[in-house]
2 protein chains.
Amino acid sequence: MSESTDNYLKHLFALSQHNQAGISTSALAQKLDTRAASVTGMLKKLHRDGLVLHTRYKGTVLTARGRRIAAAIVRRHRIWECFLADYLGFGWDKVHDMAEKLEHVQSEELIDRLDQLLGFPTVDPHGDPIPGKDGKLPAASGQLALSETRPGDRVIIRGARSESPDFLQHLSSIGATPGVALWVKQVLPFDRSVVVRIKNNLHTLSAVAAAALVVSKNRMP
Amino acid sequence: MSESTDNYLKHLFALSQHNQAGISTSALAQKLDTRAASVTGMLKKLHRDGLVLHTRYKGTVLTARGRRIAAAIVRRHRIWECFLADYLGFGWDKVHDMAEKLEHVQSEELIDRLDQLLGFPTVDPHGDPIPGKDGKLPAASGQLALSETRPGDRVIIRGARSESPDFLQHLSSIGATPGVALWVKQVLPFDRSVVVRIKNNLHTLSAVAAAALVVSKNRMP
DNA sequence: ATTATTTATTAGGAATGCCTAATTTTCTAT
DNA sequence: ATAGAAAATTAGGCATTCCTAATAAATAAT
């Protein structure tokens, strides 16, 4: 189990949180900062090793075993983030990169003792939930609909409470995809439309759309 | 700078503590648990990169840069060992393997803050000295001459207070080389010769020899 | 429906870092 | 001094994991 494998599983796990469909090779390549061709090759190995199910040209999903391992990695990452913040006083902007390296140290006993030292935290310094030893993620905290935000809020898009292709298509066209930052500029009083800024562009979302767009004030690991 | 590189430098550093001459390829191969041929290849790269000076068939020494990096690795290793022992309650037998992995996480700020959290320790849980930020090792503590031990002691050979080729040659012939464990069986009253066990063989060292053999009750990292 | 575009895959290659087997150099003992 | 033993090196390979370029499949647009 190499660090590379860890990173593939970790990002597949994260992407799976907001995609019930299989993860695309390009989405994964972007997260991993590698080329799609490299990802295809690695996915073949992960498939061969029973960690993912990969269907040519279709997408990839984690197997139960792959998901279990991925959850353990995310657990390590977030527990280390807690330690770095609580014991060493690092800010939320620094803990991520260090935890990125510490997460690859595989020792269940080490993590369990850290967990205990930290008082069994359930969320990391970004407010993101820490998977339990069983691999289960506590209900995501800090998530809300865009319609529940107020002008001035800066949030991260998490997903959508709708499978409508039209709706998702529209979100994509304005760059509103999971992980992207969004600034709430104003809520129009007469129809409760929400004006938001995404990467220097202003967009207006109807009240219906705003109610279906899930955001959070936290960052993912 | 790979983990492999780290390990080469770390072991070269450790071996250099007790060898003023260049380190032999086979000694390094043994520490690294790899084949001599692999070591030769890697030493070429380290030489090319200015981390060691390697003379074909002669031996290898660290350059100033290599030694500085090696000291930083040992520093990380031993500070992590302190953390694992002091904060997570791991015993001396467990801290080594975990620190072996944690030492490869490169963040000076991380180590400095850990150092501060631990109160700037000068020795690790095995009693071995922690290199300072400048790469300097505090005077080795816990080291003593074999003549200062008592029957029943179990010590590790650290080196010799003599450059006499005859003496060192004799020590080698009975397997008394740095890193090797030695059990003190008895001290003969009439001439203070010391009877020791090394790997199931009993040997007798004169009082003069015992006074020149440096041992410690600790383990190296 | 067919073309154009995007997405994914294969093909072929490079750098690491390890291996075994064969060879060369050095050391040791007569 | 020289034969034999020990140590170190070179030669040739293998597995990972990445890359670029070329091809194939799927999706979108006319």
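Only a predicted model underlies this, so the values are computations on that prediction, with no experimental measurement involved. Proteins get letters first, then strands, A, B, ... in listed order; numbering begins at 1 in each. All values below come from the heavy atoms of this structure, side chains included, with hydrogens, waters and symmetry mates left out.
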Nearest of C/dG17, D/dC19, D/dT17 to any side-chain atom of A/R35?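 Of C/dG17, D/dC19, D/dT17, D/dC19 is nearest to the side chain of A/R35.
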For atom [atom1] of [X] and atom [atom2] of [N], their distance in whole Å:
X	N	atom1	atom2	answer
B/L28	D/dA7	CG	C1'	14 Å
B/Q30	D/dA7	CD	P	11 Å
B/M42	C/dA15	CE	C1'	12 Å
B/H11	C/dG17	NE2	C1'	17 Å
B/D49	C/dG17	CG	C1'	14 Å
B/K45	C/dG17	NZ	P	5 Å
B/M1	C/dA15	CE	P	17 Å
A/Y8	D/dT16	OH	C1'	11 Å

Does A/F90 have B/R113 sitting over its ring (NZ/CZ under 6.0 Å from centre, angle to axis within 45°)? yes
Where is the tightest heavy-atom contact between B/R154 and B/A181, given as atom of each residue plus distance? NH2-CB, 3.6 Å
Show, in sequence, the C-alpha distance, side-chain angles and deciding distance for B/E100 and B/K10, and conclude whether the salt bridge (charged side-chain N to carboxylate O under 4.0 Å, His left out) test is met. CA-CA 11 Å; B/E100 197 88 311; B/K10 178 180 67 174; 2.8 Å; yes
Do NZ/NE/NH1/NH2 and the carboxylate oxygens of A/E103 and A/R78 come within less than 4.0 Å?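 A/R78 and A/E103: not salt-bridged.
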So does A/D115 pair up with A/K133, basic N to acidic O under 4.0 Å?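 No, this pair does not count.
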How long is the span from the CH2 atom in B/W183 to the CD1 atom in B/I198, to the nearest 0.5 Å? 9.5 Å
Please encode protein proximity along nucleotides 8-13 of chain D as a string of B, S and -, counting only heavy-atom distances under 4.0 Å. BBB---
